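These notes concern the structure reproduced below.
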Amino acid sequence: MIPLLLIIIAAVSYFLGTLSSGRLLATYVLHKPLHTRGSGYVGYAAMAHAFGQKWGYALLGADILKSLVAVMIGSLLMMIPGDGFPVVGRLFAGFCLVLGDAYPFQFKFRGGKGVLPLMVALWLADWRVGLLATGVLIVLIALTQYMSLASLCACLTGVIAVWIFVSAEQMKGMCGFLVLFSFLAILWRHRGNILKLLDKKEPKINWGRRPENRIREDDF
């Protein structure tokens with residue numbers, strides 16, 4: 001029973017992770033073409049550049065919604081067995097979401113960075129874990145203005161916090177490794193950003209300034 005449920009969770013979560021909210025909004029809501037470079041995967045930066053900040057926020061909202069749906073499906077399915085572990089279902093769904101967001105099959109396995117899906121999974125796994133990770137994200141963005149650095153540190157905080165707050169009865173080891181594997185996938189997707197940070201070439205967030213006249217991958 002449990003292996004079958006995990007397969008269903010993996011398939012649903014990965015598929016939802018691959019859905020490009022930017023393309024869906026541009027095509028079916030705005031009814032306007034969205035010209036992109038590279039893989040064609042659309043993140044927040046591309047959406048905000050093309051249609052304005054409010055549609056960038058709409059994209060983030062859609063990404064949060066699809067992540068919530070996937071994580072809740074994972075939780076509900078893992079509650080079917082009498083001795084099921086819903087927290088494992090949430091974090092396993094989060095891991096598959098990260099893979100779908102970072103490596104979407106329809107965009108030649110070149111997608112986003114996977115941060116937002118993991119943050120949603122952390123919040124639903126344990127609000128204390130989500131709060132700590134989000135707090136680190138906000139503080140580091142404010143202090144450094146490097147989205148990539150803040151995102152990586154927030155995800156690493158989530159890994160540590162899961163080991164602290166998830167109880168042994170909820171399979172702490174399994175939950176910890178799921179978040180760790182999610183973090184490693186996100187870390188790999190940020191390898192270019194890490195090199196730029198080391199070379200002091202990573203661009204900072206342009207607070208209130210006109211966005212650059214090009215499309216860049218978004219850190220979420």
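Note that the numbering runs from 1 along the sequence shown for the chain. If you're wondering where the values come from, they're calculated on a predicted model, not measured in any experiment.
Note: the hydrophobic cluster containing Leu122 does not contain Leu140 (ILVMFWY, side chain heavy atoms under 4.5 Å, direct or indirect links). In the hydrophobic cluster analysis, where Ile, Leu, Val, Met, Phe, Trp and Tyr join through side-chain heavy atoms closer than 4.5 angstrom, Leu91 is grouped apart from Trp123.
Rounded to the nearest 0.5 Å, atoms CD1 (Ile7) and CD1 (Ile9) are 10.5 Å apart. Between the CG atom of Leu195 and the CG atom of Asp199 there is a distance of 6.5 Å, given to the nearest 0.5 Å. Atom CG of Leu197 sits about 6.5 Å away from atom OH of Tyr146, to the nearest 0.5 Å. Considering CG of Leu77 and CG of Leu5, their distance stands at 5.5 Å, rounded to 0.5 Å. To the nearest 0.5 Å, atoms CG (Asp63) and CG (Leu25) are separated by 8.5 Å. Separating the CG atom in Asp101 from the SG atom in Cys96 is a distance of 13.0 Å, to the nearest 0.5 Å.
Nearest heavy atom pair, residue Leu137 against residue Ala154, reads CB-CB, 3.8 Å. In plain terms, the two heavy atoms of Gly89 and Met78 that are nearest each other are CA-CG, 3.4 Å. Residue Val129 comes nearest to Gly158 through the heavy atom pair CG1-O, 3.9 Å, listed as atom of the first residue, atom of the second, then distance. The two residues Leu6 and Phe92 have their closest heavy-atom pair at O-CE2, 3.2 Å. The minimum heavy-atom distance between Pro117 and Leu97, with the atom names listed, is CB-CB, 3.8 Å. Across all their heavy atoms, Val98 and Ala185 have their closest contact at CG1-CB, 4.2 Å.
Both the sub-6.0 Å distance and the 45° axial angle are not jointly satisfied by Lys32 relative to the ring of Phe51.
Shown here are the side chain to side chain contact (heavy atoms under 4.5 Å, CB included) partners of Cys155, two or more places apart in sequence or in another chain: Val115, Leu118, Phe183, Ile186. Contacts of Trp163 classified as ring-ring contact (aromatic ring centres under 6.0 Å, His included), with partners at least two apart in sequence or in another chain: Phe177. Annotation: side chain to side chain contact (heavy atoms under 4.5 Å, CB included) contacts of Leu132 (sequence neighbours excluded): Thr157, Ala161, Phe165.
Counting only distance, with no hydrogens or angles, the side chain of Lys66 and the backbone of Leu19 share a donor-acceptor pair below 3.5 Å. Remark: side-chain polar atoms of Ser75 are not paired, donor with acceptor, to backbone N or O of Val71 under 3.5 angstrom. Panel note: side chain Thr134, backbone Leu131; no donor-acceptor pair is recorded below 3.5 Å. Not one N or O on the side chain of Arg90 forms a donor-acceptor pair closer than 3.5 Å with the backbone of Gly74. The backbone N or O of Trp188 sits less than 3.5 Å from a side-chain atom of Arg191, completing a donor-acceptor pair.
Ser148 pairs in a side chain to side chain donor-acceptor pair (under 3.5 Å) with only one of the listed residues (Lys113, Glu202, Lys196), which is Glu202.
Under a 4.0 Å N-O distance rule, the pair Asp126/Arg128 qualifies as a salt bridge.
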When you look at Ile73 and Ser13, which way does the side chain to side chain contact (heavy atoms under 4.5 Å, CB included) test go after all the steps? CA-CA 9 Å; Ile73 288 175; Ser13 300; over 6 Å; no

Chi angles and distances behind the side chain to side chain contact (heavy atoms under 4.5 Å, CB included) call for Met174, Leu178: CA-CA 6 Å; Met174 178 65 73; Leu178 284 171; 4.2 Å; yes

